[in-house]
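Please read the structure below before turning to the comments.
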Amino acid sequence: MATVAAEGSLGLDVDPAEVHLERPARREHGDWSTNIALVTAKKAGTNPRTLATALVEVLERHLPDHVVAVELAGPGFINFRLDDGWLHEALAAVLDEGEDGYARPDIGHGEKVQVEFISANPTGPIHVGNGWWGSYGDALARVLARTGYDVSREYYVNDTGGQIRTLGMSLLARRRGEEVPEGGYRGDYVTELAAEYDGTDDVTVAGRWAADRILERIKATLTSVGIVFDEWYSQASIEESGAVDETIALLASKGLVYERDGATWFRSEQLGDVRDRVLRKANGDATYLAGDLAYHRDKFLVRGFDRVIDVFGADHHGQVASLFAGVEALGVDRSRLEVKLGQMVSLVDGDEAVKMGKRAGTAIDLDTVIADIGPDATRILSLMSSLDQAATFDLAAVREQSAENPVFYVQMASARIGGVGRKAVERGVVRASLADVDLSLLTHPRELEVVRCLEELPEVVADAAADRAPTKVTTWVRHLASCFHGFYHDCPILADDVDPALAQARLWLVEASRLGLAIGLGLLGVHAPEAM
RNA sequence: GCCCCUGUAGCUCAGCGGAUAGAGCGUCGGCCUCCGGAGCCGAAAGCGCAGGUUCGAUUCCUGCCAGGGGCACCA
């Protein structure tokens, strides 16, 4: 606002996309800062410092609300120093809007978006990577839901095809008390399921039965870490509905399909893929790609999602170009599809590397990790690094040094907040209504730091949504916890020598902290315990 | 060979166009008559290499080096 007023009176030609009003990294650079002189000087035919000096003079003649000083700094930044009043107003706004209303920027405008994630084949327990990418998908969905998107979470169940027959074959072998043949699934869970199976010897029937049982286990595992879905979409249902044939026919009608060597091919190369792909094999089976294209046709053209975000593991990178080619071929603008690839996750346990391999049954189950370090630690750890980072986690460090775990650091803040509430009750202190409390008594640097942090949350949430990066929320939550611990350490709330009016203001600051933590942890799917 | 991701403090990770690059663990040194010290304060220590774009690059572009992943009529 200040910059707008200034540019008006000087008649500058500014590019709004380049001009930023931001919080400087360093406190001594003021509360807010703008680079307007830096980016506009060349067009104005002058140098940044000269232009900034002129702008500062204009601004000093009519200071905006709460601004007490405007300064030229560094290469041409204009820094604004505010009185504490703006922070008190910000705090009041946080409390006024509350847990449901605060930090809910509408950037989605009701756009209908589907987030598809995990979608692990129901041929065995899900592994740690699924859990990591699942935490991402779930948190992203929560962030999008908070920022005005109409979100649907979906798990695509690959309950058909060769792998299901392989699963059935493995199950039947175990039931006969034999070894699982080469290429089959050898995990102990197959043996356990075989003992319960009393159906026919048909491999598909046996496979389907086992897949159903395994899927139930997967659901239970995911539920235990707070990951839930709106839809479990069956691949078999797509094939059985005839949608695959319809999709191939649709592509054929556009001249994008041809026959060769007995198979049906998709001309994906002309749409950006590295080569053409098979849709129907010589044996008559549809390929995974054909089913996936039918599935995406269903997402965009039948169910009408404006946007689809697919979260895959990096090991599925090879199918991305084909998918984009297919979506475009179906007449859907490819910008409506986003594919997020989660890099591989590796675990170590002290000095020992933890093996990851699925068919051999040596993969570390997500269940095992959850049982080891707990659901909250599992979730927050998986949301500490970005999806693009091939992260390594040391189970021993999280387990044995649990007191030093970041989860505990954040939850400790939550527990301390709960402790203040309990202590207040114990001492008969009742929080007065906000209208009767003077928040301007909050002048301690530690108190103001907490407010500054809380004030940033709406922007953090908006950035997390726009960048599809829920990890930004994790960073913020840890920062808030840090600010709160500092405040808690230096600013007694219920001690005898604290002025009652100040105690009231501090109680409300504690409440605002609780609220901020609840919003942040809620977006991450981590509990905010009142006691530990 | 081609495609994607990553190289930031001893270790694990944030930051991703701005002014003196952050956190946790580890190391070293302080703080408990006080609401949970599972905390707080301080110190040492870092942007793989080389060009380019820019007023300004850890951040964007190119090349190189190193690591991970992918290139099926499997899913």
Side-chain angles (χ1 to χ4, degrees), chain A residues 18 20 22 24-26 28-29 33 35 37-39 41-42 47-49 73-77 79 121 123 158 160-164 166 183 235 260-265 274-275 277-289 291-292 313-321 341-344 346 348 381 384-394 397 401-409 411-413 415-424 426-427 429 446 467 471-472 474-475 478-479 482 484-498 503 506 510 531-532:
Chain A
E18 278 193 292
H20 304 297
E22 58 194 10
R26 312 189 67 79
E28 55 270 33
H29 293 143
S33 175
N35 63 344
L38 267 345
V39 299
K42 186 175 267 183
N47 68 66
R49 286 191 63 98
F77 288 102
N79 296 337
N121 296 339
T123 52
N158 290 305
T160 181
Q163 49 169 353
I164 294 297
T166 301
Q235 181 178 4
R260 192 180 78 200
D261 301 333
T264 304
W265 293 72
V274 295
R275 38 170 286 202
R277 305 282 173 177
V278 172
L279 292 172
R280 188 173 295 289
K281 306 179 207 172
N283 70 5
D285 284 353
T287 59
Y288 179 83
L289 174 63
D292 212 17
D315 53 339
H316 288 68
H317 165 66
Q319 69 198 54
V320 175
L341 294 179
Q343 296 302 311
M344 296 309 189
S346 51
V348 294
L381 280 172
M384 291 229 302
S385 54
S386 84
L387 244 214
D388 291 335
Q389 182 72 239
T392 302
F393 292 89
D394 185 347
Q401 303 166 10
S402 61
E404 308 298 342
N405 189 297
V407 188
F408 288 83
Y409 184 79
Q411 293 194 328
M412 168 80 183
R416 280 179 152 178
I417 288 168
V420 170
R422 286 188 293 277
K423 190 61 74 173
E426 204 174 283
R427 299 194 180 175
V429 177
R446 297 287 213 172
D467 298 345
T471 176
K472 287 175 189 281
T474 312
T475 303
R478 297 173 70 198
H479 182 229
S482 170
F484 182 81
H485 284 309
F487 155 67
Y488 183 90
H489 184 267
D490 285 0
C491 302
I493 300 159
L494 298 167
D496 296 336
D497 57 349
V498 176
R506 285 179 172 168
V510 171
M532 288 173 70

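Naming: A, B, ... by sequence-line order, numbering from 1 per chain. Values in this document were obtained by computation on a predicted structure and should not be read as measured data.
For B:C13, the OP1/OP2 oxygens have a side-chain nitrogen or oxygen of A:T392 closer than 4.0 Å. Look at A:K42 and you won't find any side-chain N or O under 4.0 angstrom from OP1 or OP2 of B:U54. Within the structure, a side-chain polar atom (N or O) of A:K472 is placed less than 4.0 Å from OP1 or OP2 of B:C16.
Distance CZ (A:R275) to P (B:C2): 18 Å, rounded to an integer number of Å. When the P atom of B:U33 is taken as reference, atom CG of A:D496 falls 16 Å away, rounded to whole Å. If you take CE of A:M384 and P of B:U12, they are 13 Å apart, rounded to a whole angstrom. The distance between atom CZ of A:R277 and atom P of B:C73, rounded to the nearest whole Å, is 8 Å.
With sequence neighbours excluded, the residues that form a side chain to side chain contact (heavy atoms under 4.5 Å, CB included) with A:R49 are A:N47, A:L72.
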Protein and nucleotides 58-62 of chain B: nitrogen or oxygen contacts under 3.5 angstrom:
none

Using the 3.5 Å cut-off, write out each protein N or O paired with an N or O of nucleotides 17-21 of chain B and the distance between them.
from  : atom 1 : to    : atom 2 : distance (Å)
B:G18 : O6     : A:N35 : ND2    : 3.4
B:A19 : N6     : A:S33 : OG     : 3.0
B:A19 : N6     : A:N79 : OD1    : 3.2
B:A19 : N1     : A:N79 : OD1    : 3.3
B:A19 : N1     : A:N79 : ND2    : 3.1
B:U20 : O2'    : A:R26 : NH1    : 2.9
B:U20 : O2     : A:R26 : NH2    : 3.0
B:U20 : N3     : A:R26 : NE     : 3.4
B:U20 : N3     : A:R26 : NH2    : 3.3
B:U20 : O4     : A:E28 : OE2    : 3.4

Nucleotide N/O of nucleotides 34-36 of chain B paired with protein N/O under 3.5 Å:
from  : atom 1 : to     : atom 2 : distance (Å)
B:C35 : O2     : A:I493 : N      : 3.4
B:C35 : O2     : A:L494 : N      : 3.0
B:C35 : N3     : A:I493 : N      : 3.0
B:C35 : N4     : A:Y488 : O      : 2.5
B:C35 : N4     : A:C491 : O      : 2.9
B:G36 : OP1    : A:Y488 : OH     : 3.3
B:G36 : O6     : A:M532 : N      : 2.8
B:G36 : N1     : A:M532 : O      : 3.2

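Listed for the A:W265 side chain is a donor-acceptor partner under 3.5 Å among the backbone atoms of A:R260. Using modelled atom types, no side-chain atom of A:Q235 and backbone atom of A:G161 make a donor-acceptor pair closer than 3.5 Å.
Across all strands shown, A:D285 has no heavy atoms under 4.0 Å from either base or sugar-phosphate atoms. Among the protein residues, A:R446 comes within range of the sugar-phosphate backbone only, with heavy atoms under 4.0 Å from sugar or phosphate atoms but none that close to a base.
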Problem set entry | Intra- and inter-strand pairs of RNA chain B in dot-bracket (Watson-Crick or G-U wobble, both distances under 3.5 Å; | for another strand) | (((((((..((((....[...)))).(((((.......)))))....(((((..]....))))))))))))....
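The two residues A:F484 and A:V510 make their nearest non-hydrogen contact at CE1-CG2, 4.3 Å.
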Exercise. Which nucleotides of nucleotides 3-9 of chain B have their base under 4.0 Å from a protein heavy atom (B), which only their sugar-phosphate (S), and which neither (-), written as one string 5' to 3'?
Worked result: BSSS---
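A glycosidic torsion no more than 90° from 0 defines the syn conformation; B:C25 lies beyond that range and is anti.
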